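Since this is a predicted model, take the numbers as computed values, not measurements. First listed ligand is number 1; within each ligand, the first listed atom is number 1. Excluded from the calculations below are hydrogen atoms, water molecules and symmetry mates; all remaining heavy atoms, backbone and side chain alike, are included.
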Amino acid sequence: MNCRHCGMPLQHTFLDLGFAPPSNAYLSKEALTRPELYFPLKIKVCDHCWLVQTEDYASADSFFTAEYAYFSSTSIGWLAHAKRYAEKMIAELSLTSASHVIEVASNDGYLLKNFVEAGIPCLGIEPTNSTADAAEQLGIPVLRKFFGEAQGERLAIEGKQADLMIGNNVYAHVPDINDFTRGLKAALKRGGTTTLEFPHVMRLIEQTQFDTVYHEHFSYLSLYAVSRIFTAAGLRIWNVEELPTHGGSLRVYGCHADDPRDTQQSVDALLQEEATRGLQQLQTYLEFQPRADKIKNNLLTFLIEQKRQGKTVAAYGAAAKGNTLLNYAGVKPDLLPFVCDAAKAKQGQFMPGSHIPILPPERLAEVQPEFVLILPWNITEEVKTLNAELAKSGIRFVTAVPELHIA
Ligand SMILES: [Zn+2]
């Protein structure tokens, strides 16, 4: 296989998690009687452009376009993050009713609704029908397409180029990252700004966040790699911010390569930090797997120890990263009998691979397990606040990444 960005042969494995079902392929009770599809979950690193990426395998693209029941609006913290972002962009870019905002992967409209409320014309691009329906009910026009260069050029021909072109939480999920970036270029007005948010591979490595690896996540991005991809597409990163979301993300600000805006000092500073932390050295990537294995082993030891002592451990948050962790560790309902999740669409379903049942959060108060393992560790504080009563009743919260921690 060759690198998705620069085309050089991919010779080095960053992480091998064996085989796993797609992390969002939740199962109904009936589906448990049928065979389940497992795909290789292996991540490579390109030692030419340092793009960290999933290994290609048969029929992946078609499989992962299936609809799934994730609605961004179910996370309170995420909604607040989106609102703050919209307010900041409207102020800094002086957006008005004469501006045009486009968001790729607009989901259920959780972000664009802030622009609609401010009277700024916008367009969502979202191929998933269920979430696109929800966005249209909020008054957001939605183009039900996958985005790439062809779509970007079509928007340009139709006179729909954007002053602000947003891609929050989509860049890492795009199979053809070069084509997507050329699409951003095509759909961006002269003088326009594009912003992308994505988990920062520097934080993934630093905090051993191996459970953020899943099939739908094609790229694990550094500022260095994204700068190269932007340059190849005729764009330039002129500013970057570090965000706490998803365990540490970047928000990059791009413009046309010949835009008069100066590149901010933030860009050079972060490129320098990445270099200092070894992001352009193969050894950094090769040392990752043993650290992931240690976390997996510590979790298993904890679960087995509680089981031996007759104590119950339940889980909270039927998130994608939970599926990666549980499937790599081989955890089944004997060690973790149920997981609670506030999303109604997931309740009554089963986790892919592990087949652990997903129940409403109220079950925790009824069952009173000794421990609750929070799978989406990035929202630990939100979960603890929502479940403060449980802590008072003696239930202890546990997280497994970046190391086993019992509160
Ligand atoms: Zn490469």
Exercise for the section: Flag Cys49 as yes if one of its N/O/S atoms falls below 2.8 Å of the Zn ion (ligand 1), otherwise no. Expected result: yes
Problem - Pair Thr195-Met89, side chain to side chain contact (heavy atoms under 4.5 Å, CB included): steps then yes or no - result: CA-CA 10 Å; Thr195 73; Met89 288 301 108; 4.1 Å; yes
Practice task
For residues Trp238 and Val267, determine if any side-chain heavy atom of one lies less than 4.5 Å from a side-chain heavy atom of the other.
Solution key: no
Handout entry: With the Zn ion (ligand 1) as the apex, the SG/SG angle for Cys3 and Cys46 - to 10°
Key = 110°
Exercise for the section: Over 60° means perpendicular and under 30° means parallel, so classify the ring planes of Trp50 and Tyr285, tilted if in between. Expected result: parallel
Handout entry: Basic-acidic side-chain contact under 4.0 Å: Glu287, Arg291
Key = no
Problem - the Zn ion (ligand 1) reached by Cys6 (N, O or S, under 2.8 Å) - result: yes
